[in-house]
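Contents: one structure, followed by commentary.
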Number of protein chains: 2
Amino acid sequence: MTRSLDRLTLLETFVRIAERGSISAAARDLGLSQASASRQLADLEERLGAQLIVRSTHHLSLTKAGERCLADARLLLAEWEGFAEDFAGDADRIAGPLKIVVPVALGQTVALDCAVAFQAAHPEIVLDWILDDAPNRFSEVGCDLWLRVGAVPDETLIVQPLAEVERIVVAAPGLVGPADGDPQALANVPCAALHPFEGGRWPLTGPLGETADLDARVTFASNNIATTKRVAVAGGGYAIMPRWLVAAELEAGTLVEPLPGWRAASLTINAAFAPARRQTRRLRLFIDAMKDGLAGLA
Amino acid sequence: MTRSLDRLTLLETFVRIAERGSISAAARDLGLSQASASRQLADLEERLGAQLIVRSTHHLSLTKAGERCLADARLLLAEWEGFAEDFAGDADRIAGPLKIVVPVALGQTVALDCAVAFQAAHPEIVLDWILDDAPNRFSEVGCDLWLRVGAVPDETLIVQPLAEVERIVVAAPGLVGPADGDPQALANVPCAALHPFEGGRWPLTGPLGETADLDARVTFASNNIATTKRVAVAGGGYAIMPRWLVAAELEAGTLVEPLPGWRAASLTINAAFAPARRQTRRLRLFIDAMKDGLAGLA
DNA sequence: TATTGTTATACACTTAACGTATGACTCGAT
DNA sequence: ATCGAGTCATACGTTAAGTGTATAACAATA
C-alpha cells in the first residue's frame, strides 16, 4: 500500500503559499522547513497534473489553474472542517480562527461592538478583523466572511441580509440656509459622496412618503465613508449618511439635518460567504450574533 | 511537522468497511492487510473523536455517528474526485467506476440499452449495474446514481427527471370481454398491481381527454413489475403497464388493450444523486446519456 | 468438539516525508 | 561593481509513522 501525505494538508500548504506569495513565508507560518513546503506544493501539482504556481526567486504568481484550485481548495478544507467539527468530542467547544473583512466605518463602530461582544462570549475564537473599503473580490482576500453595506459584487457567494441602514441628509450648521423641506434647495450646494456615485441625483423620501430627486453637485467623492463624514463636518458639503454614523455629531450639533424627516434609500448590511455545503459552527454563530447585534440599527 | 496518513484515505477505508460490513473484507478489497484496515478505522475514530462502528467478531454495525459520517464521507470523497478531475492532465479521459441502482424492469430493457451504448462510448468507465426493486434508502446502497420510476423517497437528493412513462391498460386476450370503451366494464375483473397500490382505483384518461376512475379489484400485487406482467400475460388479471414494457406482447398478441386509447397517469423516470457540490464528469455524462436515450420512450 | 472466520494488538520492517546543507538566482544597498 | 540577504529546488542522511506477519480471543457452524 502506497503511503501518501494527507491530500488536505497539501491543499492547506498550497492555500497558505498563495496567500503569502512565498513558499518560505508559508513554511514559517506552518512550522515546516522551506524544503518541505516546496516539496508539498510540487507533490500537489504532480497529483493534480497541473502547474499551480509560477516560481521565481522573488515573486510567485498563480496560474489560471492555480486560481481555480485556490478557491476550490478553500471550500474543500472548509467542508472537512465543518465535517470534523460535527464529531468533536467536546461538542460545545467553539474555537478556531475567523477572518472577517468589513468596511472601515462599520468595522470601527457598530459591527465592532458586536464582534467584541462575540469574542468575549467565545474566547477561544480568534477574530482576524480586516477593515477595507476597497471593492476587492472575495477570492482575493481569502476570508471567512465579508460584510458589505449594499450589494455584494460576487454572485458566487451566499448573501445573508443582516440589517437595513437608514440614510439621512446631513450638513455642517451654516452650510445650508433654511431648506423649508424642499430637497431642491440643496441642488447647488456642494455634496460629499461615496465613490462610486452614479446617476447624478439622490432619490429621497419625505416625512409624508412623498418622493423627490435631489440633483447632486458632487465636489468630493471617496470610497471611505469616514472621510466623507469628515468633509461634511468641515463644511465641505452635505452628505448622505447612515444615522448611526452621525448620531454623535447630531447630538453635539456639529452636523444638522437640513431636510428633517427626509431620507435616502436605505442600504442593506449583508454578510457574504462562500457556498461550502457545510459552514463551521463558529461562522454560523458569528453571523447570527452579527444579525442580532445590528437588528436595532435602523 | 507531524506526518499523517491521508484523511481522505481514512474516509475511503471507512466507507468500504461500512459497505462490506467487515474490516477483513474491506481490507481485501483495498489491498491492505486486515490489521492496517483496522488501524485506519481506529485512527479515523480517534481523529474525529467519535465511535463510528460497533465491532464484534461476526457482525459490525454503524453507530448513529457512523451513519452520518458515512453519508458525509461519500460526499467529501466525491468532492475531492470532482475537484481533482478538473486538473487532470488528460482532460478528455473519462474513466472510473459508476454504481447505478435501477428497477429491475427498467434495468433489463430500455435503460440497459442506454447504459450499454454509454459504456461502449466510454470503455474506461466501469458500470456497476444493480437491479433492485426494493424501496431502499439511497444511503443504504451507497451508489452514484439511483434511477427511479415515480417519486424519489428521499428529499436530500437531487432529482433530475429523465423521461415520462406512458401507462396503458393491458390484459390477456379472452380475460375481458368487449369493454366498449367503458373503463367500469373492468371493475370486477381481477387486477394485478404494483406494490404499494393505494387508493383502490385507477384514474384514467380517454382518447378524447375524458377522465374516469376504474375501481380496482386487486388480486395480485408485487413490487416487481416484471412479475406483474407475467401474471397479466398468464391471464391472472389486467394490469397497468408502461407501453414500452409490453410492446413485444402487444405485437405478438399475448396481451391486448381492452380500453384502446385510455391511459393511466404517466410516471416520471427520475435520476437521483447526492448533492455534492461538484459531480464527477462521468456521472454528468451518464445522466445526460440516459436522458437522451430515454427521450423517445413516451 | 474442531474448523473457519472475525477483530485487536505486539513487533520488526519498510518507506516516504522530514530537516539540513548547498547551489543558483534575484534584489537592494553601498 | 561587490556584498548581504532572501528566494526556491534538490541531494542526502535521518526520522517517524504506517506496513504486514503473527498471535490471541472470540463467535458461528457443522
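Residue numbers begin at 1 in each chain, while the letters A, B, ... track the order of the sequences. Just so you know, these numbers use all the heavy atoms, side chains as well, and skip hydrogens, waters and symmetry mates. In this text, all values refer to a predicted model and were calculated from it rather than measured experimentally.
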Among [options], the nucleotide that comes nearest once only the side chain of [X] is considered:
X       : options                : value
B/Arg39 : D/dG20, C/dT6, C/dG19  : D/dG20
A/Ala35 : C/dC18, C/dA21, D/dG20 : C/dA21
A/Arg55 : C/dA17, D/dT19, D/dA9  : D/dA9

Rounding to an integer number of Å, can you tell me how far [X] [atom1] sits from [N] [atom2]?
X       : N      : atom1 : atom2 : value
B/Asp6  : C/dA16 : CG    : P     : 15 Å
A/Leu32 : D/dT15 : CG    : C1'   : 15 Å
A/Gln40 : D/dC8  : CD    : C1'   : 15 Å
B/Asp43 : D/dG18 : CG    : P     : 6 Å
A/Arg47 : C/dA17 : CZ    : C1'   : 13 Å
B/Ile53 : C/dT6  : CD1   : P     : 15 Å
A/Leu5  : D/dT15 : CG    : C1'   : 15 Å
B/Glu46 : D/dG18 : CD    : C1'   : 14 Å

side-chain N/O [X] vs [N] OP1/OP2, d < 4.0 Å:
X       : N     : answer
A/Ser38 : D/dC8 : no
A/Ser24 : D/dC8 : yes
B/Arg28 : C/dG5 : no

Evaluate the side-chain proximity of [Y] to [X]: yes if any heavy-atom separation is below 4.5 Å, no if none is.
X        : Y        : result
B/Ile100 : B/Asp144 : no
A/Leu98  : A/Ile125 : yes
B/Thr13  : B/Leu41  : no

Any donor-acceptor pair under 3.5 Å between the side chain of B/Gln34 and the base of C/dA8?
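Under the 3.5 Å cut-off, the side chain and the base do form a donor-acceptor pair.
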
According to side chain to side chain donor-acceptor pair (under 3.5 Å), who are the partners of A/Arg20, at least two apart in sequence or on a separate chain?
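With sequence neighbours excluded, A/Arg20 shows a side chain to side chain donor-acceptor pair (under 3.5 Å) to A/Asp29, given in chain and number order.
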
Identify whether NZ of Lys or CZ of Arg in A/Arg284 sits under 6.0 Å from the centre of the six-membered ring of A/Phe273 and within 45° of that ring's axis.
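The answer is no, since A/Arg284 fails at least one limit relative to A/Phe273.
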
Using a strict 4.0 Å threshold on nitrogen-to-oxygen distance, state whether A/Glu81 and A/Arg282 make a salt bridge.
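Yes.
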
Can you build the contact string for nucleotides 25-30 of chain D? Use B for base contact, S for sugar-phosphate-only contact, and - for no protein heavy atom under 4.0 Å.
-BBS--

For A/Arg68, does the CZ atom sit with more than 12 other heavy atoms under 6.0 Å from it, leaving out its own atoms?
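Yes, CZ of A/Arg68 has more than 12 neighbouring heavy atoms, counting only those of other groups under 6.0 Å.
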
